[in-house]
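In what follows, a single structure is set out as structure tokens and then discussed.
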Amino acid sequence: MTPPPCGVRLAGTGSKVPDRVLSNHDLEKILDTSDEWIVQRTGIRERRICDPETEGTFTLGRDALTAALADAGMVGSDLDLIVCGTCTGEMACPSVSCRIAAAVEATPAAAFDVTAACCGFVYSINIAESLIRSGRFRSVGVIGVDAMSSIIDYDDRSVSILFGDAAGAAVLVRDDDPGRGCIYQRMHADGSGWESLYIPRREREVPEHDRDNPIRLGHLRMNGREVFRFAVTRFRETVEDALAGTGLSVDDVSLFVCHQSNERIIAAAREKIGIPEEKMPVNIDRFGNSSAGSVGLLFDQLRKSGRCREGEIVCLVAFGGGMTWASSVWRI
Ligand code: COA
């Protein structure tokens with residue numbers, strides 16, 4: 001039997017960052033870099049990193065979802081699915097989402113992880129929204145989380161200056177109004193560019209061009225210039241596609257909540273499309289690039305500060321390793 005059409009309500013959001021701050025000045029002490037260089041090239045002043053003894057992807061994700069459930073006035077057992085976007089899961093098995101499901105007492109809710117690097121939160125919220133609309137699920141916990149500090153080589157100044165740790169979460173529930181929820185979404189990938197951003201587990205996975213460079217297996221490798229080129233173009237195209245696909249103008253959209261990769265990448269797209277600065281807020285100065293954590297973290301901070309109200313249109317956009325890119329336009 002075909003289920004009746006439904007919409008999706010964003011019932012709550014939450015986020016979590018570690019207390020430990022790693023500032024540019026801290027990095028100056030361990031690397032050949034400077035606060036001035038980092039701020040000019042990226043807009044980043046500090047980032048949060050986990051205490052490896054007590055924190056990680058699981059604890060950040062768990063705490064963000066717990067906060068989102070509290071915000072929604074719900075408990076874990078109200079959920080029938082948990083989807084977690086991450087590329088820094090502690091173990092290949094079990095998934096981070098299975099452990100989080102048990103920790104928030106959502107058992108026997110289904111749980112799975114989505115590996116889409118910095119697109120983790122946007123991919124996950126799109127999948128979750130679609131599953132609710134299909135009629136198969138009623139209440140879904142969505143998490144985007146990465147403990148990037150667990151895969152960063154702090155001797156490599158090209159990556160260590162960029163990344164931080166964070167988690168963002170949302171609770172989505174079925175709604176009787178089909179006009180509510182995600183009104184447009186796109187998810188794309190181009191695996192031919194994977195060598196620009198990768199985490200090798202074995203020597204044989206290291207591409208030819210990187211063989212002569214010092215490699216620490218299990219740590220992130222990045223060709224910054226290539227990623228920059230990809231991001232500037234894809235980011236602008238993804239926002240333009242979301243506007244064209246919905247028939248909305250920049251004026252109709254209250255907020256563009258974008259992956260915090262580099263302030264220059266965000267500013268380039270914003271200026272080219274003609275989006276006012278206040279509609280595309282940034283928090284990269286304080287949290288760096290937290291990969292799958294970034295969009296959910298910023299979204300929660302904006303919601304909690306009253307910047308995103310019921311009935312408004314919000315456009316989430318991300319791009320990252322894979323290479324991947326995605327959008328999700330919501331009538332909140
Ligand atoms: N501190 C000081 N100097 C640094 C440095 C650092 N942390 N990192 C690199 N440099 C040096 C380089 O060695 C190079 O020196 P040279 O000219 O003597 O060879 C110079 O600065 C320029 O390096 P380059 O890599 O061309 O810098 P850039 O302007 O491209 O900035 C990034 C580097 C990483 C900030 C930039 O490429 C970037 O942000 N890329 C996108 C990364 C991203 O968003 N990743 C996540 C995607 S989701």
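Read the numbers this way: they start at 1 and go in the same order the structure lists the ligands and their atoms.
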State if Ile265 counts as touching ligand 1 under the rule of any non-hydrogen atom under 4.0 Å.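 Yes, that is the case, since the closest heavy atom of the residue is under 4.0 Å from the ligand.
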Answer yes or no: does atom CD of Glu105 have more than 12 heavy-atom neighbours from other residues, nucleotides or ligands under 6.0 Å?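 Open: at most 12 neighbouring heavy atoms sit under 6.0 Å from CD of Glu105.
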Does Arg138, at its CZ atom, have more than 12 non-hydrogen atoms belonging to other residues, nucleotides or ligands within less than 6.0 Å?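 Result for CZ/Arg138: open.
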Whether [Y] and [X] form a salt bridge (side-chain N of Lys/Arg under 4.0 Å from carboxylate O of Asp/Glu) is what I want to check.
{"X": "Asp71", "Y": "Arg303", "value": "yes"}
{"X": "Glu55", "Y": "Arg20", "value": "no"}
{"X": "Arg180", "Y": "Glu310", "value": "yes"}

Could you list which atoms of ligand 1 come closer than 4.0 Å to a heavy atom of Arg264?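 Every atom of ligand 1 under 4.0 Å from some heavy atom of Arg264: 29 (O), 31 (O).
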For His259, the ligand 1 atoms whose distance to one of its heavy atoms is below 4.0 Å: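 Counting atoms of ligand 1 from 1, those under 4.0 Å from His259 are 48 (S).
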Partner residues of Phe58 under the ring pair (Phe, Tyr, Trp, His ring centres under 6.0 Å) criterion, sequence neighbours left out: none
Any non-hydrogen protein atom below 4.0 Å of [atom]?
{"atom": "atom 18 (O) of ligand 1", "answer": "no"}
{"atom": "atom 39 (O) of ligand 1", "answer": "yes"}
{"atom": "atom 27 (O) of ligand 1", "answer": "yes"}
{"atom": "atom 15 (O) of ligand 1", "answer": "no"}

What's the shortest distance from [atom] to any protein heavy atom, and which residue and atom give it?
{"atom": "atom 41 (C) of ligand 1", "value": "Gly224 O, 3.6 Å"}
{"atom": "atom 1 (N) of ligand 1", "value": "Thr33 OG1, 2.7 Å"}
{"atom": "atom 46 (C) of ligand 1", "value": "Asn289 ND2, 3.4 Å"}
{"atom": "atom 35 (C) of ligand 1", "value": "Thr42 CG2, 3.7 Å"}
{"atom": "atom 45 (N) of ligand 1", "value": "Met222 SD, 3.4 Å"}
{"atom": "atom 44 (O) of ligand 1", "value": "Ser261 CB, 3.5 Å"}
{"atom": "atom 48 (S) of ligand 1", "value": "Cys118 SG, 3.2 Å"}
{"atom": "atom 43 (C) of ligand 1", "value": "Val227 CG1, 3.7 Å"}

So, do His259 and Val317 sit near enough that their side-chain heavy atoms are less than 4.5 Å apart? no
Under the 3.5 angstrom rule, does the side chain of Arg234 hit a backbone N or O of Thr324 as a donor-acceptor pair? no
Counting N and O atoms only, with roles assigned by atom type, does the side chain of Gln260 sit under 3.5 Å from a partner on the main chain of Cys258, one being a donor and the other an acceptor?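 Yes, the answer is positive, given that a donor and an acceptor are paired below the 3.5 Å cut-off.
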If you measure from [atom] to every heavy atom of [options], which option wins on shortest distance?
{"atom": "atom 13 (O) of ligand 1", "options": "Glu36, Arg157, Gln260", "result": "Arg157"}
{"atom": "atom 8 (N) of ligand 1", "options": "Trp37, Phe319, Phe230", "result": "Trp37"}
{"atom": "atom 25 (O) of ligand 1", "options": "Glu226, Arg41, Arg225", "result": "Arg225"}

[X] and ligand 1 - part of the residue with a heavy-atom distance under 4.0 Å:
{"X": "Ile161", "result": "side chain"}
{"X": "Leu162", "result": "side chain"}
{"X": "Phe228", "result": "both"}
{"X": "Leu31", "result": "neither"}

Take Asp113 and Thr86 through the test side-chain hydrogen bond (donor to acceptor under 3.5 Å, both in side chains) and record every step on the way to the result. CA-CA 7 Å; Asp113 291 357; Thr86 186; over 6 Å; no
Can you name the side chain to side chain donor-acceptor pair (under 3.5 Å) partners of Ser77, sequence neighbours left out? none
Just do the side-chain hydrogen bond (donor to acceptor under 3.5 Å, both in side chains) check on Thr238 and Ser327 with the steps written out, would you? CA-CA 7 Å; Thr238 307; Ser327 65; over 6 Å; no
Would you call the rings of Phe230 and Trp325 parallel, tilted or perpendicular, taking 30° and 60° as the class edges? perpendicular
